[in-house]
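Residues take their numbers from the sequence shown, with the count starting at 1.
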Amino acid sequence: MAISVLFSLVIYTGIDRELTRFERMRGERVERGILGAVPPRPSLDPQLIGEARDRLIFTLVLINLGILILSGAAGYLLASLTLKPIADMVDEQNRFITDASHELRTPLTSLKSEIEVALRAKSITAKESKELLASNLEEVNKLQNLSDSLIKITQYQKNAEITAQKNSITIEKTPIEDVLDAAVRKVTVLAKGKKIDIEKKITQTDVKAEKTSLLELFVILLDNAIKYSPKGGKVRITTKRTDGIIHVLITDSGIGINKEDMPLIFNRFYRGNPNRPKTNGYGLGLSIAQEIAKRHGGTINVESKLGRGSTFSVALRKA
């Protein structure tokens, strides 16, 4: 507005100076005509010149008002767009704190209750003491797993930001078959416990990846596939290639995912509807997997049908 008003003043001053000069020249010509030196010419009525000045002022005021309204509206919209990511970040942070506090409270409450009951008991046997310690150790392990998962998410998010700026992580040529074989070995015990067969149809391809974190990504996806599949089910691992990209598909025979849950499953602490089987996780695995995929410049997509299982697809760049 300051610039607009300044330009308006410059325009008005310039035009007013020309009108003043025109009036002065008209007056000089009239005087010369009276003295007979110059024949008088038709002149504009001074009233018309005054009206021209008024119209100029009115036009400049309208233009400035229009600019004020448009710039105000544009400023409001731009400010809203600028502040929205900040508001979303604050909301996500508050939601994270609330969810983390809730998840921490559960094992801590269990620990406190068991210890208080044991302390109130008049006598406690060695067997009861061992059972109490075993139960307490289980809750401590849950707390450790939760804290480890939170640290991993923070590290991966931080590394992803650094990577985008400096490309600081070690990306090397990695055979995808070796990574998937190692991931299968890590979940073999869990799969055998539920009598789940893991089928593989893998095309040997090298990808650009950090092997350790990529292995963790596939372990997370296989672990979820096994947990949410019924006993005696199947988990399939397949790969397909497109131009410069390899897609790794992990398909389970589980209960599937509701449509309303699909956009939320990668959110931290989100574990879907209460009808899904209860697991020992905290809803952080898919969040970690997504951060690892982002770190590698890849993506994770999911397709699912209730009662027919889910397929998670990881897209990675070929080496």
Side-chain angles (χ1 to χ4, degrees), residues 152-153 156-157 160 163 169 171 173-187 190-191 196-230 233-268 270-272 276-277 279 281 283-319:
K152 284 179 182 178
I153 288 180
Y156 284 132
Q157 288 178 336
T163 300
I169 65 172
I171 298 293
K173 187 177 180 180
T174 304
I176 193 66
E177 186 177 14
D178 293 350
V179 177
L180 291 172
D181 286 342
V184 170
R185 287 195 296 269
K186 283 182 173 290
V187 298
L190 180 62
I196 291 176
D197 291 330
I198 300 178
E199 300 177 351
K200 294 186 295 181
K201 189 177 180 182
I202 303 170
T203 302
Q204 179 59 34
T205 306
D206 294 330
V207 296
K208 296 178 180 178
E210 184 187 40
K211 188 173 182 179
T212 303
S213 58
L214 189 62
L215 172 62
E216 184 176 8
L217 185 156
F218 290 120
V219 168
I220 290 170
L221 295 182
L222 287 171
D223 183 77
N224 276 354
I226 294 168
K227 284 179 179 178
Y228 291 112
S229 291
K234 288 184 179 180
V235 173
R236 295 192 307 275
I237 305 173
T238 56
T239 59
K240 62 179 182 179
R241 290 181 290 185
T242 57
D243 294 337
I245 300 293
I246 181 167
H247 301 268
V248 180
L249 289 78
I250 298 177
T251 304
D252 62 55
S253 54
I255 62 173
I257 304 170
N258 289 326
K259 286 184 179 180
E260 57 268 23
D261 292 330
M262 295 281 278
L264 306 171
I265 59 174
F266 293 102
N267 291 352
R268 288 174 292 191
Y270 190 81
R271 284 181 285 185
R276 289 173 66 84
T279 67
L284 293 172
L286 290 179
S287 297
I288 295 173
Q290 187 180 56
E291 292 300 330
I292 295 173
K294 288 180 180 178
R295 188 182 188 188
H296 287 81
T299 59
I300 298 181
N301 295 307
V302 58
E303 295 180 1
S304 182
K305 291 183 179 180
L306 281 178
R308 299 181 62 181
S310 305
T311 297
F312 284 83
S313 174
V314 181
L316 298 168
R317 293 174 296 173
K318 290 192 292 185

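The minimum heavy-atom distance between Ala209 and Thr174, with the atom names listed, is O-OG1, 3.5 Å. What you find for Ser229 and Ile196 is that their closest heavy atoms are CB-CD1, 3.8 Å. Summarising the geometry of Gly254 relative to Pro230, their closest heavy-atom pair is CA-CD, 4.0 Å, with the distance given to 0.1 Å.
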As a quick check of understanding, evaluate side chain to side chain contact (heavy atoms under 4.5 Å, CB included) for Val235 and Val187, giving each step before the final call.
CA-CA 11 Å; Val235 173; Val187 298; over 6 Å; no
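Side-chain N or O atoms of Ser287 include one that pairs as donor or acceptor with a backbone N or O of Phe266 at under 3.5 Å. Between the side chain of His296 and the backbone N or O of Lys208 there is no donor-acceptor pair closer than 3.5 Å. With hydrogens and angles ignored, the 3.5 Å screen pairs no side-chain donor or acceptor of Ser253 with any backbone N or O of Arg308.
Residues Ile198 and Ile226 meet the side-chain proximity criterion, which asks for heavy atoms closer than 4.5 Å. Asn224 places none of its side-chain heavy atoms less than 4.5 Å from the side chain of Asp252. For the pair Leu180/Lys200, no side-chain contact is recorded, criterion being any heavy-atom separation below 4.5 Å from C-beta on. Under the 4.5 Å side-chain criterion, counting only non-hydrogen atoms from C-beta, Phe312 is not in contact with Ile220. Contact annotation: the side chain of Arg317 approaches that of Ile245 to within less than 4.5 Å [non-hydrogen atoms, C-beta and beyond]. In this structure, the side chains of Ser313 and Glu303 stay at 4.5 Å or more apart for every pair of heavy atoms. By the 4.5 Å heavy-atom criterion applied to side chains, Leu222 and Ile237 are counted as neighbours. For the pair Ile257/Leu306, no side-chain contact is recorded, criterion being any heavy-atom separation below 4.5 Å from C-beta on.
Checked against Thr238 for a side-chain contact (heavy atoms from CB on, under 4.5 Å), the options Val248, Leu249, Thr203 give a single hit: Leu249. Paired with Asp206 under the rule salt bridge (Lys or Arg N to Asp or Glu O under 4.0 Å), one option of Lys173, Lys318, Lys211 passes, and it is Lys173.
The number of heavy atoms from other shown groups lying within 6.0 Å of NZ (Lys234) does not exceed 12.
Considering only residues two or more places apart in sequence or on other chains, Thr239 meets the side chain to side chain donor-acceptor pair (under 3.5 Å) condition with none of them. Contacts of Asn301 classified as side chain to side chain donor-acceptor pair (under 3.5 Å), with partners at least two apart in sequence or in another chain: none.
Separating the CG atom in Asp181 from the CG atom in Leu215 is a distance of 11.0 Å, to the nearest 0.5 Å. For the atom pair CZ (Arg295) and CD (Gln290), the distance works out to 15.0 Å, reported to the nearest 0.5 Å. Atom CG in Asp178 sits 6.0 Å away from atom CD in Gln204 (nearest 0.5 Å). To the nearest 0.5 Å, atoms CD (Glu216) and NZ (Lys186) are separated by 9.5 Å. Separation of atoms CG (Leu217) and CD1 (Ile300) is listed at 4.5 Å; rounding is to 0.5 Å. Distance CG/Asn258 to OG/Ser304: 8.5 Å, rounded to 0.5 Å.
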